[in-house]
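Everything on this sheet refers to the single structure shown next.
Residue numbering restarts at 1 for every chain, and letters A, B, ... go by the order of the sequence lines.
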Amino acid sequence: MQKYNHKTIEKKWQKVWSDECLYETSNESSGKENFYFLSEFPYPSGNLHVGHWYAFAVPDIFVRFKRMQGFHVLFPIGFDAFGLPAENAAIKHGVNPREWTEKNIAYMTGQIESMGGSFDWSRKVITCQPEYYRWTQWLFLQLFQAGLVYRKEISVNWCPSCKTVLANEQVVSGECERCNSVVEKRNMKQWSVKITDYADRLIDDLESLEWPEEIKTAQRNWIGRSEGSEVDFVIFGFSEKITVFTTRPDTLFGVTYVVLAPEHPLVSVLTNRVKNSDVVRNYVAQAIVQKDIDRLSDGREKTGVLFEGVVAVNPANGEEVPIFVADYVLGSYGTGAVMAVPAHDERDYAFAKKYDLPVRQVVDGGDVSQSAWTGSGVLVNSGSFDGMTTDDAKKKIIDHVGGRISKKYRLRDWTVSRQRYWGVPIPLVYCESCAIQVQDESTGVNNGEAINPGWFAVSDDQLPVLLPEIDDFRPSDDGKSPLSKSAEFVEAMCPRCGGRALRETDTLDTFVCSSWYFLRYCDPKNARQFASSEALSSWMPVDFYSGGSEHTTMHVLYSRFFHKALFDLGLVSESEPYVRRMNRGMILGTDGQKMSKSKGNVLDPDKIVAELGADTMRLYLAFIGPYNEVGSYPWSTEGIIGMRRFLERVWRLFEKVSNVTPDDSTMVLLHRSIEKVAQDITALKFNTAVSQIMVFLNHLEKSGDVSRGVYEQFLLLLSPFAPHMSEELWHMLGNDDFIHVQLWPVHDESLLRSQNVEIVVQINGRVRDKILCSSDASEEDVRLLVFASSRVLQYVGDKDVRKFIYVPRRLVNIVV
RNA sequence: GCCGCGGUGGCGGAAUUGGUAGACGCGCUGGACUCAAAAUCCAGUGGUAGCAAUAUCAUGAGAGUUCGAGUCUCUCCCGCGGCACCA
């Protein structure tokens, strides 16, 4: 028998499977249940890393198993090909982003093929191709026409290094998520999508999903729903009112001042009418310019300025209280104004102490002489509400002051326009002359046109709006998109009046592209629709979505929103796209650190595959730890050798295959293994599945010749993990069909149940003996056996048996 | 600060969900084969005591519930992740 040569075997079968189209999946199937397994599609960065293997080769085990169980499985792959990194790399190397991306896709495709995965390549989706982004544009326009997209001057996150706007989700503690530059604030006109309209449903619908709690919580935190109420404070002598948002209306009698955020619209109104206008103006000016990273920095002392000469009136007791502007109140949250209750809020307490403002306790239960008391209790100093609990008082005081119940969210609308070249052109045009008319008579226009006067969707027959080939695609500091430099691109015809219109020159955030790719996989070649409803109903919703935790509050949240919006438009038929979502763990370098070029601990999967083979690599990644937990697993160069050894032993075992009849213990272990491996794969615990296969091999090696039938069954169990070797050995046994189209073996339950069981005998909770008895032995049978044991008698002696606990088929505990 | 997840040998990790703690793999120790090495095979491998059978301690710390706790409850410590001047 030849030595195990992974190179020839792996190459050979990859070609055969591909030539035979073994893994191409039709939308229709007869008598099989459909199953859609999705793994986040890769970004064509240029090179595959071990993380890609972990993302695709390990789920392939699950997918192959599902197929053997008789499911019709969709396991697609594609590339998330638009976006900043490709463009930055292209700029750096002086090449065109398209060429750069295409080259990377071609190279990485070959690398992915070396995994021996059972992807349906015929469904490949590449987001930067017009056949795909035509539908990204079309879907975006559906949202536009539904009034979910608006253009508005807003304060945006500007990355000075990437030279583009970032969504809130792309800013991590004041820095650009991608390049770590400090993000600046700029006021710019941007296209945003109303994800906040869906905030409640995005939270509430989490209930129905089979997702790990940590993902649900992270999304809830991100959306940050807070239930409270709005209360109006009249400004003495002014017509304007200050509306505050509070979750503690029960403390209204403890208000000793009111604060406006520097961005609050009333600030400028008041500034002009107070004695210290200059001081206020200076304060506001410096506060607004500050970067978030400074403004939010830890332990920062609170600052603010009093509006001299104006007062607000507390609606609860008619008391006049001073008004401040202070940057500890955020313009972007709530109403941008708060009522300050120093006695019962830590921030207000700190501010009050600094500016020597009164602290008035209105809830009994804590000492407010040193710090704020934020707990609940009984009201004091609150007029007729004294003696009520904080809970009761909330509603009553809201009624008393005419407040409104109100919910606020941390979530901001999703800014989707980017001032960069390598993205989907936003398919909208602007017509100045129509802008005025649309505002006058808004009938006959869709919601998008009504809320964005002068802006029109490019008509269906004009899609896609192609991304033009231009020479200078570099971004600029002034916030103008590179596309605006192409005069040819900018010129368009107004779909309403037929006159001259201008194209939008910003491109879409790549997260828009990836918000619906799983729908396209269902029907990737459809030229008339983004996907047919038949194709969608075959596969959607996604049964299992595997990805990385970094996308919890970005891609996963965006795509849930996008899907819900499409659901409301009747374009898809379920409101949630993913039944199960899982965050996989991370493979660390051999030093236990996250792999990075700067640390020099990056592993090259190509080298490992060349040296040890794809099957070894797959097995090791399966074995390294439980797949369904967000653990981080350090790579071990010695550990993977163990997997290679195991495969070589499987290979050598072939020589012991003969026509012997397997003994009982072998048959029992075979069936136990069939059962356990199936259970473990189902639960994504590939590590223990591999372990069971190893236990089985250890047994077979020790027990003389191996029956051909048993060896075949062994190979079936191994085939999802090591598809190439098991296919080769399968054929060496004389089979001429593929191992990967075989059915998963069925374990013989009655065989397993008929076996004798070992029962642990404890005395006072300590293991003292073990006895063997038939699995259907009665408690009385067991009792007789136990008390026949000399060891038991030795321990029990002449003491009274106070308790005899019997756990069937498991253990006995005798309490003396 | 709030929320979520976790803490088990030298290492990655098992543990039938309240029932033999440490499966499986790595590493390590000893042996076989070899002139030798590698590879392979065999045996051992949580601590302590013992030649051994065995006893005893042990799942971050401490308490509790239970015949029985890695698993449940409470208090605390540590690590990872999310949110954070969010009113």
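- Atom name P, nucleotides B:U59 and B:G47: the rounded distance is 16 Å, in whole Å.
- Each of A:Leu811 and A:Ile215 was assigned the nucleotide of RNA chain B with the nearest heavy atom; the assignment lying further toward the 5' end belongs to A:Ile215.
- Look at B:G44: its Watson-Crick or wobble partner, with both distances under 3.5 angstrom, is B:C28.
- Taking the six-membered ring wherever Trp is involved, the centroid distance between the rings of A:Phe351 and A:Tyr257 falls below 6.0 Å.
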Letter per nucleotide, 5' to 3', of nucleotides 54-60 of chain B [B base touched, S only sugar-phosphate touched, - untouched; heavy atoms, 4.0 Å]: SSSS---

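- On the C1' atoms, B:U48 is 29 Å away from B:C42, given to the nearest whole Å.
- Remark: B:A15 base-pairs with no nucleotide in the shown strands. Criterion, Watson-Crick or G-U wobble with two distances under 3.5 Å.
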Give the C-alpha distance, both sets of side-chain angles, the deciding distance and a yes or no for side-chain contact (heavy atoms from CB on, under 4.5 Å) between A:Lys676 and A:Thr688. CA-CA 9 Å; A:Lys676 173 139 177 74; A:Thr688 48; 4.2 Å; yes

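- B:C11 and B:G27: their C1' atoms are spaced 7 Å apart (whole Å).
- Base pairing of B:G4: its partner is B:C80, meeting the Watson-Crick or G-U wobble criterion (both donor-acceptor distances under 3.5 Å).
- A salt bridge does not link A:Asp800 to A:Arg802: none of the charged nitrogens lies less than 4.0 Å from a carboxylate oxygen.
- If you measure from atom CD of A:Glu629 to atom C1' of B:G7, you get 13 Å, rounded to the nearest angstrom.
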Contact state string [nucleotides 22-33 of chain B, B base, S sugar-phosphate only, - no protein heavy atom under 4.0 Å]: -BBSSS------

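- Checking B:G82, B:C85, B:A87 against the side-chain heavy atoms of A:Asp327 singles out B:C85 as nearest.
- Judged by the 6.0 Å distance and 45° axis criteria, A:Arg225 is not positioned over the aromatic ring of A:Tyr409.
- Salt-bridge check for A:Lys353 with A:Asp348: failed, with every basic side-chain N at 4.0 Å or more from each acidic carboxylate O.
- Taking atom CG of A:Leu206 as the reference point, atom P of B:C3 lies 19 Å away to the nearest angstrom.
- Counting to the nearest Å, the C1' atom of B:G68 and the CD1 atom of A:Ile763 are 14 Å from each other.
- Partner assigned to B:U71 is none, using Watson-Crick or G-U wobble distances below 3.5 angstrom.
- With C1' as the reference atom, B:G60 and B:G9 are 15 Å apart, rounded to whole Å.
- The partner of B:G22 is absent, by the rule that a Watson-Crick or G-U pair needs both atom distances under 3.5 Å.
- A sub-4.0 Å separation between OP1 or OP2 of B:C85 and a side-chain N or O of A:Lys354 is absent.
- Note on A:Lys685: only backbone sugar-phosphate atoms sit closer than 4.0 angstrom, heavy atoms only; bases stay farther off.
- A:Pro262 and A:Ile288 get closest at one heavy-atom pair: O-CD1, 3.8 Å.
- When the C1' atom of B:U20 is taken as reference, atom CZ of A:Arg809 falls 16 Å away, rounded to whole Å.
- Counting to the nearest Å, the P atom of B:U40 and the CH2 atom of A:Trp651 are 17 Å from each other.
- With a cut-off of 3.5 Å on both Watson-Crick or G-U wobble distances, the partner of B:U54 is given as B:A49.
- In this structure, A:Glu701 atom CD and B:U40 atom C1' are separated by 11 Å, rounded to whole Å.
- Among the heavy atoms of the strands, none lies under 4.0 Å from A:Gln219.
- Using atom C1' as the reference point in both B:A15 and B:U71, the two lie 10 Å apart (nearest Å).
- Annotation: B:U20 and B:U75 have their P atoms spaced 29 Å apart (nearest Å).
- The pair A:Asp200-A:Lys407 counts as a salt bridge, with a side-chain nitrogen and a carboxylate oxygen less than 4.0 angstrom apart.
- A:Lys302 comes within 4.0 angstrom of a nucleotide base, judged by non-hydrogen atoms across all strands.
- Rounded to whole Å, the P atom of B:G44 lies 12 Å from the corresponding atom of B:C24.
- Evaluation of atom-type donor-acceptor distances gives a pair under 3.5 Å for the side chain of A:Asn813 against the base of B:C67.
- Among the heavy atoms of the strands lying under 4.0 Å from A:Pro626 are primed sugar atoms or P, OP1, OP2 only; no base atom is included.
- A:Lys408 and A:Glu230 are joined by a salt bridge, as a carboxylate oxygen and a charged side-chain nitrogen come within less than 4.0 angstrom of each other.
- With the nearest nucleotide of RNA chain B identified for both A:Lys770 and A:Met339, A:Lys770 has the one nearer the 5' end.
- Between A:Phe511 and A:His555, the ring planes lie parallel to each other; the angle is under 30°, not in the 30° to 60° tilted range.
- Between A:Tyr54 atom OH and B:G12 atom P the separation is 14 Å, expressed in whole Å.
- Among the protein residues, A:Arg672 comes within range of no part of the nucleic acid, since none of its heavy atoms lies under 4.0 Å from any strand.
- Remark: the separation of the P atoms in B:A69 and B:C83 is 40 Å, to the nearest Å.
- Only one option out of A:Lys185, A:Gln170, A:Arg412 pairs with A:Asn157 in a side chain to side chain donor-acceptor pair (under 3.5 Å); it is A:Lys185.
- Between the P atom of B:G82 and the CH2 atom of A:Trp211 lies a distance of 17 Å, rounded to the nearest Å.
- Annotation: A:Gln286, atom CD; neighbour count of heavy atoms from other residues, nucleotides and ligands within 6.0 Å is above 12.
- Aromatic rings from A:Tyr627 and A:Tyr54 are positioned such that their centres are separated by under 6.0 Å.
- Among the nucleotides B:C5, B:U20, B:A87, the one closest to any side-chain atom of A:Val760 is B:U20.
- In this structure, B:A37 forms no base pair with any nucleotide, since neither Watson-Crick nor G-U wobble geometry is met with both distances under 3.5 Å.
- In this structure, A:Gln762 reaches the bases: a heavy-atom distance under 4.0 Å links it to at least one base atom across the strands shown.
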